[in-house]
There are 2 protein chains.
Amino acid sequence: MLALSTYVSALLGGLTKLCENHPMSDDKNSYHHGDLRNALLQAAAQQIREQGVDKLSLRAVARAAGVSATAPYRHFEDKNRLLVALAVEGYQQLREETAAAVDPTQSAAEGLIAVGLAYIEFALRRPERYKLIFGPVIHERQAYPELQESGFAALQVVVALAERGIASDEFVDTDPFLIANSCWAKVHGIASLAIDGFYDCAPIPSQQQFFRELLLLQLTGVVRSK
Amino acid sequence: MLALSTYVSALLGGLTKLCENHPMSDDKNSYHHGDLRNALLQAAAQQIREQGVDKLSLRAVARAAGVSATAPYRHFEDKNRLLVALAVEGYQQLREETAAAVDPTQSAAEGLIAVGLAYIEFALRRPERYKLIFGPVIHERQAYPELQESGFAALQVVVALAERGIASDEFVDTDPFLIANSCWAKVHGIASLAIDGFYDCAPIPSQQQFFRELLLLQLTGVVRSK
DNA sequence: GCTCCTATGTTTGCACTGTAAACATGCTAG
DNA sequence: CTAGCATGTTTACAGTGCAAACATAGGAGC
């Protein structure tokens, strides 16, 4: 009887190995999950994508991972910590996607436009993730240095472009950090306003084109050059 | 006696009209509060200011107003509705403060800078209110047209400046709506990033000066004019 | 090979939240 | 004076984040 139960549990263990499409996929049949931390992150990401970032509940995440309500606390001190981890992940994606948008054979100005559009596209494609990254969802951001670090890393893409533009005399000779922040702030503002639906009912023929013109204006300036 | 009480209550009615600083102060000693709606808004505003926007609880607001937990539902269908009301209020403040910053005798460009700085100052002085207005705190913004209306009203200050600049040949001849949005996005981006502490540990001598330079760059452009 | 430690789970419990439903109260119009 | 209605209250429920105590298994040391 004891032997039987052992056998059964082993059998079940084998079975779970076969019919795995949901995240665990380990030989662990019960209890120790194997890779819960990642499973939680993944479940949380999906939940955010589908239901919005402020509807995210730790308990629901745990439920989705097939685990008890307080299990996540073994891997994240806080709900906030989970969010921070997701945000850092988001910053990295953002950095990758914007970096991928710049073509070194193009001019620095074209590069800025491309990065800006990629940034906005990212924000509109993953609005909830974007809100998580920048919005006030995460409490006490300053308590998590990794957040600001990955933020700065994302900014670095733009700084590099600014440096290139200055070096090639394409841009005005200012602090590249200033130029980068100028562009970033602009793009961030556009993305936020777009997500919040400010451009939805505006009399705009094409959003894409509108964004491009906004970005161009950033480069050429508003004041008529005399 | 009946006549007297009527008289007294009329007198008090006249008085409340005069000496209104705190919300209640009515002849109503209990039950019907008098002006609960405003009291709730005020209490909520304070709570947001002091504890942060995402810590706001309707029950705590009710408690602060000295009223039962569900009383607010007689005045706001939702917690969200309360937040919307506060956000609209915030937009109006924002519009007033930015409008007050523009001096008609100045150039349009100087006006844009002044408005931008006033905007950023507003955001930094009332960060939680600002987060409420723009952040993802309010759900389904598009369901509340008054939100977008007051948002557009705030934008109108900038549009007017853009029109003035274009008319006086100070600015390039583009759609004023485009210029206004360009400036607004920029300023909004700066404010958001500043609130999120992105500039806190940056190597910046003076924040104020940094903001001014960022805004100036918006006007003059990044690309070297040939 | 046995035992204990520790990492990782679970259960239980608490204080709190938003909100629905039913009930109470008192101003006001008929 | 009274009926109705706006505005309160009480009660209840499902859901939340999290702390504390308990359970389990896999691996380190004997």
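To find a chain, count down the sequence lines: A is the first, B the second, and so on, and within it residues start at 1.
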(Q) If the condition is side-chain contact (heavy atoms from CB on, under 4.5 Å), which residues does B:Gln93 pass it with, not counting sequence neighbours? (A) B:Glu89, B:Phe122, B:Arg126, B:Arg129
When you compare the protein's N or O atoms with those of nucleotides 12-18 of chain D, which come within less than 3.5 Å of each other, and at what distance?
{"unit_1": "D:dT16", "atom_1": "OP1", "unit_2": "A:Ser57", "atom_2": "OG", "d": "2.9"}
{"unit_1": "D:dT16", "atom_1": "OP2", "unit_2": "A:Arg63", "atom_2": "NH2", "d": "2.9"}
{"unit_1": "D:dG17", "atom_1": "OP1", "unit_2": "A:Leu58", "atom_2": "N", "d": "2.9"}
{"unit_1": "D:dG17", "atom_1": "OP1", "unit_2": "A:Lys79", "atom_2": "NZ", "d": "3.3"}
{"unit_1": "D:dG17", "atom_1": "OP2", "unit_2": "A:Leu58", "atom_2": "N", "d": "3.1"}
{"unit_1": "D:dG17", "atom_1": "OP2", "unit_2": "A:Arg59", "atom_2": "N", "d": "3.2"}
{"unit_1": "D:dG17", "atom_1": "N7", "unit_2": "A:Arg59", "atom_2": "NH1", "d": "2.4"}
{"unit_1": "D:dG17", "atom_1": "O6", "unit_2": "A:Arg59", "atom_2": "NH1", "d": "3.0"}
{"unit_1": "D:dC18", "atom_1": "OP1", "unit_2": "A:Asp78", "atom_2": "OD1", "d": "3.1"}
{"unit_1": "D:dC18", "atom_1": "OP2", "unit_2": "A:Tyr73", "atom_2": "OH", "d": "3.0"}
{"unit_1": "D:dC18", "atom_1": "OP2", "unit_2": "A:Lys79", "atom_2": "N", "d": "3.0"}
{"unit_1": "D:dC18", "atom_1": "O5'", "unit_2": "A:Tyr73", "atom_2": "OH", "d": "3.3"}
{"unit_1": "D:dC18", "atom_1": "N4", "unit_2": "A:Arg59", "atom_2": "NH1", "d": "3.1"}

Q: Provide, to the nearest angstrom, the distance between the CZ atom belonging to B:Arg74 and the P atom belonging to C:dT19.
A: 14 Å
(Q) Under the side chain to side chain contact (heavy atoms under 4.5 Å, CB included) test against B:Phe211, which residue among B:Val187, B:Ile204, B:Ile113, B:Leu124 passes? (A) B:Leu124
Q) Taking the inter-plane angle between the rings of B:Tyr130 and B:Tyr119 on a 0 to 90° scale, is it parallel (under 30°), tilted (30 to 60°) or perpendicular (over 60°)? A) perpendicular
Q | Short side-chain to backbone donor-acceptor contact, A:Ser192 and A:His188, under 3.5 Å | A | yes
**Q.** N/O (side chain, A:His75) to phosphate O (OP1/OP2, C:dG9) under 4.0 Å
**A.** yes
Q: Grab the CD-C1' distance between B:Gln51 and C:dT17 for me, whole Å please.
A: 15 Å
Q.
Distance check needed: C:dC16 P versus B:Gln47 CD, whole Å only.
A. 13 Å
Q) Under 3.5 Å, side chain of B:Glu128 to main-chain N/O of B:Val53, donor-acceptor pair present? A) yes
Q: Say whether, by atom type as modelled, one donor and one acceptor occur between the side chain of A:Lys186 and the main chain of A:Gly116 under 3.5 angstrom.
A: no
Q) Which residues, if any, of residues 131-144 of chain B bring a heavy atom under 4.0 Å of DNA chain D? A) none
Q: Examine distances only and state if a side-chain atom of B:Asp175 and a backbone atom of B:Phe177 form a donor-acceptor pair shorter than 3.5 Å.
A: yes
Q: Could you tell me how the ring of A:Phe134 sits relative to the ring of B:Phe198: parallel (under 30°), tilted (30 to 60°) or perpendicular (over 60°)?
A: tilted
Q: Give the rounded distance in Å between these two atoms: CG of B:Leu83 and P of C:dT17.
A: 14 Å
Q. What integer distance in Å separates B:Asp35:CG from D:dA6:P?
A. 17 Å
